[in-house]
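Only a predicted model underlies this, so the values are computations on that prediction, with no experimental measurement involved.
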Amino acid sequence: MLRILKRWLAGSRTKTSGELLEGPIPFHIAIIMDGNGRWAKKRALPRSAGHHEGMKVVRRVTKHANSLGVGILTVYAFSTENWKRPKDEVSYLMKLPAEFLNTFLPELIEENVQVRIMGDKSMLPKHTLDAVERAVNDTSQNSGMILNFALNYGSRSEILGAVQRIVDDYKNEHLQKDITEEIFADYLMSNKLKDPDLLIRTSGEMRLSNFMLWQLAYTEFWFTDVLWPDFNEKHLHEAISAYQKRGRRFGGI
Ligand code: FPP
């Protein structure tokens, strides 16, 4: 709790890194990283090259967000619908977490980042799950920013799973209270994480694609035409600056 409070206070201070960032830094930033395929196509490269470049951008953005005092960075790395892609592409995307972590885990540990995973792990290939679980384990004692990978994640199935477990818990009498928003949220895959403050989607698409439907209820959205492999620190600043100009009223006045 103290750890979260310290992090939040750090994020609330005005930061000056490159262009001036005035006001609070969003505690939780969620990103729909889109446009890898188009980035590759523009360069006559295979789609895998776009994903690989996108992976490097995850590293860059993680480092920068952490230095700004962001508390949680959630990145949508693979959706439950992404299995529909050609087999080769799925298999490449499933190799990326291991490559990312094999390459960058020592630096993430040094930067005090905690790795987490949110999604249905049961369908992940063993090599993918092993790499992610090792990283989760090796960083579990870190107290810095949480890097939360949404991997084989889909919000509708997350919500259905929560409803099913609530029904089960009523039947077996583990749950006897009326369901509040807090109780429901505890059954979601994001259970212990604060809801996102800012959602970024790249590549000009303006939809949620089954991402954190419950958790994004009061999140500020920021869309950009920039393709994910071209996204950099400057764009992150633009998104945060736009967020800082929004008046968040959470339904009040
Ligand atoms: C959407 O772009 C992107 C994805 C489905 C994969 C996102 C994955 C990464 C950015 C790699 C990072 C992974 C790790 C583990 C660090 P798209 O391929 O649909 O792009 P398009 O719409 O232009 O075709």
Side-chain angles (χ1 to χ4, degrees), residues 1-33 54-77 96-119 121 129-151 153 185 188-200 212 215-216 219-220 222 228 231-241 243-244:
M1 190 62 207
L2 188 63
R3 201 165 72 183
I4 293 173
L5 190 65
K6 273 193 195 153
R7 197 80 193 151
W8 184 80
L9 284 170
S12 298
R13 281 198 297 274
T14 299
K15 304 279 177 173
T16 51
S17 173
E19 106 204 30
L20 187 71
L21 293 171
E22 286 188 33
I25 298 291
F27 182 80
H28 185 171
I29 301 181
I31 308 185
I32 303 178
M33 310 179 287
M55 178 196 78
K56 291 196 260 171
V57 174
V58 173
R59 167 66 192 126
R60 210 167 142 175
V61 169
T62 300
K63 193 178 174 79
H64 196 59
N66 191 30
S67 75
L68 291 175
V70 170
I72 306 167
L73 180 68
T74 296
V75 289
Y76 204 5
L96 279 183
E99 180 173 348
F100 177 86
L101 294 163
N102 288 338
T103 316
F104 300 122
L105 190 58
E107 293 171 29
L108 295 174
I109 291 173
E110 205 167 296
E111 288 159 21
N112 200 21
V113 168
Q114 305 171 59
V115 176
R116 301 267 181 92
I117 175 173
M118 177 176 84
K121 297 188 214 168
L129 189 58
D130 284 352
V132 181
E133 287 198 323
R134 184 166 69 85
V136 170
N137 198 40
D138 289 356
T139 61
S140 64
Q141 298 307 312
N142 291 355
S143 56
M145 188 181 81
I146 292 172
L147 173 58
N148 183 34
F149 283 104
L151 199 55
Y153 173 84
L188 295 173
M189 290 170 174
S190 58
N191 57 7
K192 301 291 178 243
L193 302 181
K194 184 181 175 291
D195 288 342
D197 300 292
L198 172 64
L199 171 82
I200 296 173
M212 302 187 89
Q215 298 88 338
L216 294 173
T219 302
E220 298 295 329
W222 189 80
W228 178 249
F231 192 88
N232 60 30
E233 292 82 352
K234 179 175 91 55
H235 303 117
L236 185 63
H237 282 206
E238 277 173 32
I240 294 175
S241 294
Y243 166 86
Q244 290 171 334

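Partners of Q215 by side chain to side chain donor-acceptor pair (under 3.5 Å), not counting sequence neighbours, listed by chain and number: E158, S190. Residues passing the side chain to side chain donor-acceptor pair (under 3.5 Å) test with Y243, sequence neighbours excluded: R248. Listed by chain and number, the residues in a salt bridge (charged side-chain N to carboxylate O under 4.0 Å, His left out) with R134 are D138 (sequence neighbours excluded). Residues forming a salt bridge (charged side-chain N to carboxylate O under 4.0 Å, His left out) with E99 (at least two apart in sequence, or on another chain): none. E111 meets the salt bridge (charged side-chain N to carboxylate O under 4.0 Å, His left out) test with R59, K63; sequence neighbours excluded. In terms of the side-chain contact (heavy atoms from CB on, under 4.5 Å) criterion, residue partners of D130 (sequence neighbours excluded) are, by chain and number, K126.
In summary, the side chains of S143 and N112 do present a donor paired with an acceptor at a separation below 3.5 Å, with no hydrogens or angles considered.
A 4.5 Å side-chain heavy-atom check between E238 and K234 finds at least one atom pair inside the cut-off. Residues T139 and V113 have side chains not in contact (no heavy-atom distance under 4.5 Å, counting atoms from C-beta outward).
For the side-chain hydrogen bond (donor to acceptor under 3.5 Å, both in side chains) test with H28, the passing option among D197, T219, T74 is T74; the others fail. Considering L73, V70, V61, N66 as possible partners of L147, the one that fulfils the side chain to side chain contact (heavy atoms under 4.5 Å, CB included) test is L73.
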Step by step, would you call L108 with F100 a side-chain contact (heavy atoms from CB on, under 4.5 Å)? CA-CA 11 Å; L108 295 174; F100 177 86; 4.0 Å; yes
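Across every non-hydrogen atom of W222 and F231, the tightest pair is CZ3-CE1, 4.2 Å. Scanning both residues, W228 and G54, for their nearest heavy atoms gives NE1-O, 3.0 Å.
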